[in-house]
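Reading through the structure tokens given below for one structure.
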2 protein chains.
Amino acid sequence: MAAKAFRKPLSRERVLTAAVALVDTQGIQALTMRRLAADLHVEAMSLYYHLADKEALLDGVVETVVAEIGAAVGRVGETGGDRSWRTRLREQFLAARQVMLGHPWVPGVLSGRRSIPAGVIAYYDSIVGTLVGAGFSYHLAHRALHAFGSLPLGFAQEIFSPASAGGDVAADAGLVAQADADPAARAEVDPAAMAATMPYLTKMMAAEIHDAADPTLGWCDSQVEFEFTVNLLLDGLDRLRVDR
Amino acid sequence: MAAKAFRKPLSRERVLTAAVALVDTQGIQALTMRRLAADLHVEAMSLYYHLADKEALLDGVVETVVAEIGAAVGRVGETGGDRSWRTRLREQFLAARQVMLGHPWVPGVLSGRRSIPAGVIAYYDSIVGTLVGAGFSYHLAHRALHAFGSLPLGFAQEIFSPASAGGDVAADAGLVAQADADPAARAEVDPAAMAATMPYLTKMMAAEIHDAADPTLGWCDSQVEFEFTVNLLLDGLDRLRVDR
DNA sequence: ACCTGAACACCGTTCAAGT
DNA sequence: ACCTGAACACCGTTCAAGT
């Protein structure tokens with residue numbers, strides 16, 4: 001029919017781009033073969049011509065975001081100036097974070113993957129290059145890589161704000177535990193009970209909110225936390241490094 | 001019938017214990033309502049009497065492991081001696097890690113959860129208590145919490161060995177990328193090509209394997225990496241802390 | 001109070017068949 | 001070369017019904 005003639009043929013790339021867009025807007029649980037196919041105006045079975053199975057789809061989706069990070073990090077590298085290794089890595093990690101902010105579901109998906117995208121390996125290779133170029137032994141560079149964890153990819157292991165889950169972000173405004181199947185194990189929203197079950201966190205929140213300029217802005221600024229952690233690690237490594 | 005009389009009634013706790021055991025042995029993808037019910041010699045629908053839905057099951061499963069960590073960390077606290085805050089936290093994190101080694105799928109599940117188990121909050125609260133007791137400001141304690149990430153729970157964000165996926169662990173022996181749907185993006189296993197696509201990592205591996213006592217043991221000792229990262233953070237925080 | 005059978009909507013995937 | 005229809009096995013979940 002006529003409509004058919006007007007649509008571009010599918011390709012692995014088009015499928016993956018559509019998949020990333022779908023997850024960005026609808027959350028990870030919306031990523032089904034049938035749903036994705038519908039977005040592409042195609043039958044679910046058509047996808048199998050371009051991707052082996054859903055595992056391959058997930059791998060490809062991660063790979064696509066990693067490529068986007070690689071591009072952003074590359075642009076940082078192009079900027080002139082003879083910055084220190086610390087500044088360069090810091091800028092790279094922060095650039096990666098900017099990309100990651102648009103795909104908050106990636107940490108969750110990545111941690112479930114069994115294979116490492118090739119792009120990730122190339123990226124971490126370049127980091128080792130930066131480190132040894134700055135006088136790191138290969139041994140320390142190796143330790144550094146593990147210590148960095150996912151920071152080079154722009155995200156930290158955040159226990160308290162798992163935005164990874166594509167659900168409602170409104171729920172995790174504070175440190176208050178959400179509804180749980182077992183009433184006995186649930187943290188109370190009642191301030192008095194809260195102070196009883198988590199006395200130090202309560203005082204900490206009070207102190208932080210008092211210090212903050214705008215108390216309504218929320219008390220966990222993840223940008224600040226991210227930069228603090230990056231600097232903490234970079235400073236610590238700098239002290240351990242053997243200058244040449 | 002007779003068999004029925006011999007089996008204990010179900011309970012939320014029994015269901016969760018069975019669920020953890022199932023995932024430990026069969027992997028996370030084996031955790032289905034029907035499969036879990038079969039393990040308990042019951043119909044799938046019976047589970048809904050004890051758990052609201054599968055989300056509640058996953059929450060409960062995480063909660064169960066967190067409780068196990070809490071118990072292990074508690075035992076560390078009981079040991080006498082006036083150890084420094086650094087030693088105490090280090091021991092706690094390592095104790096948590098011992099528990100986590102038996103449940104390598106937890107990081108993956110936890111990162112997908114939308115709510116934080118109450119036990120996690122209580123645990124992090126006690127960490128804040130340790131920190132402020134050692135002279136930390138609440139502000140620095142807050143930063144420290146975020147910097148720690150998941151280390152207090154006994155695992156690091158491991159990009160290179162995602163054992164989280166309940167699948168085959170044999171595949172992630174090194175830094176070599178697994179099979180990928182796109183041949184062009186796949187890292188080659190051919191050593192020469194490997195050296196070309198990841199020159200620094202290749203040299204790093206060579207240096208590390210040369211230094212290691214037993215080269216066959218594998219070159220990423222996650223216990224050592226874990227302790228290094230913990231110490232790096234604790235040392236860095238110690239320098240930022242205001243002694244009283 | 002605790003468990004179940006039948007049924008529903010929705011998955012991923014295969015395979016032979018269309019153009 | 002690229003896409004599809006029909007079918008299969010397997011999900012989570014509801015609901016009325018059993019004991």
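In what follows, chains carry the letters A, B, and so on, assigned in the order in which the sequence lines appear, proteins first and then strands, with residues in each chain numbered from 1.
The aromatic rings of H142(A) and H146(A) sit tilted, their planes meeting at an angle between 30° and 60°.
Protein atom CZ of R14(B) is 13 Å distant from nucleotide atom P of dC2(C), rounded to whole Å. Between the CG atom of L40(A) and the P atom of dC3(D) there is a distance of 10 Å, given to the nearest Å.
Nucleotide dT19(D) forms a pair with dA1(C), judged by Watson-Crick or G-U wobble geometry with both contacts under 3.5 Å. Applying the Watson-Crick and G-U wobble criteria (two distances, each under 3.5 Å), dT13(D) pairs with dA7(C).
For the pair Y49(B) and dC2(C), the criterion of a side-chain N or O lying under 4.0 Å from OP1 or OP2 is met. For dT4(D), the OP1/OP2 oxygens have a side-chain nitrogen or oxygen of S46(A) closer than 4.0 Å.
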Checklist entry - If the sugar-phosphate is the primed atoms plus P, OP1 and OP2 and the base is the rest, what is the B/S/- string for nucleotides 6-19 of chain C, using protein heavy atoms under 4.0 Å? => result BB---BBBB-----

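The backbone N or O of E55(A) lies less than 3.5 Å from a partner atom in the side chain of R113(A), making a donor-acceptor pair. In this structure, the side chain of S150(A) does not engage the main chain of L153(A) through any donor-acceptor pair within 3.5 Å. Counting only distance, with no hydrogens or angles, the side chain of D24(A) and the backbone of H103(A) share no donor-acceptor pair below 3.5 Å.
Between F148(A) and F93(A), the gap from one ring centroid to the other is short of 6.0 Å.
Relative to the side chain of E43(B), the nucleotides dG5(C), dG5(D), dC3(D) differ in distance, and dG5(C) lies closest.
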Checklist entry - After noting the C-alpha distance and the side-chain angles of L110(B) and I159(A), does the key distance pass the side-chain contact (heavy atoms from CB on, under 4.5 Å) rule? => result CA-CA 8 Å; L110(B) 191 63; I159(A) 295 296; 4.1 Å; yes

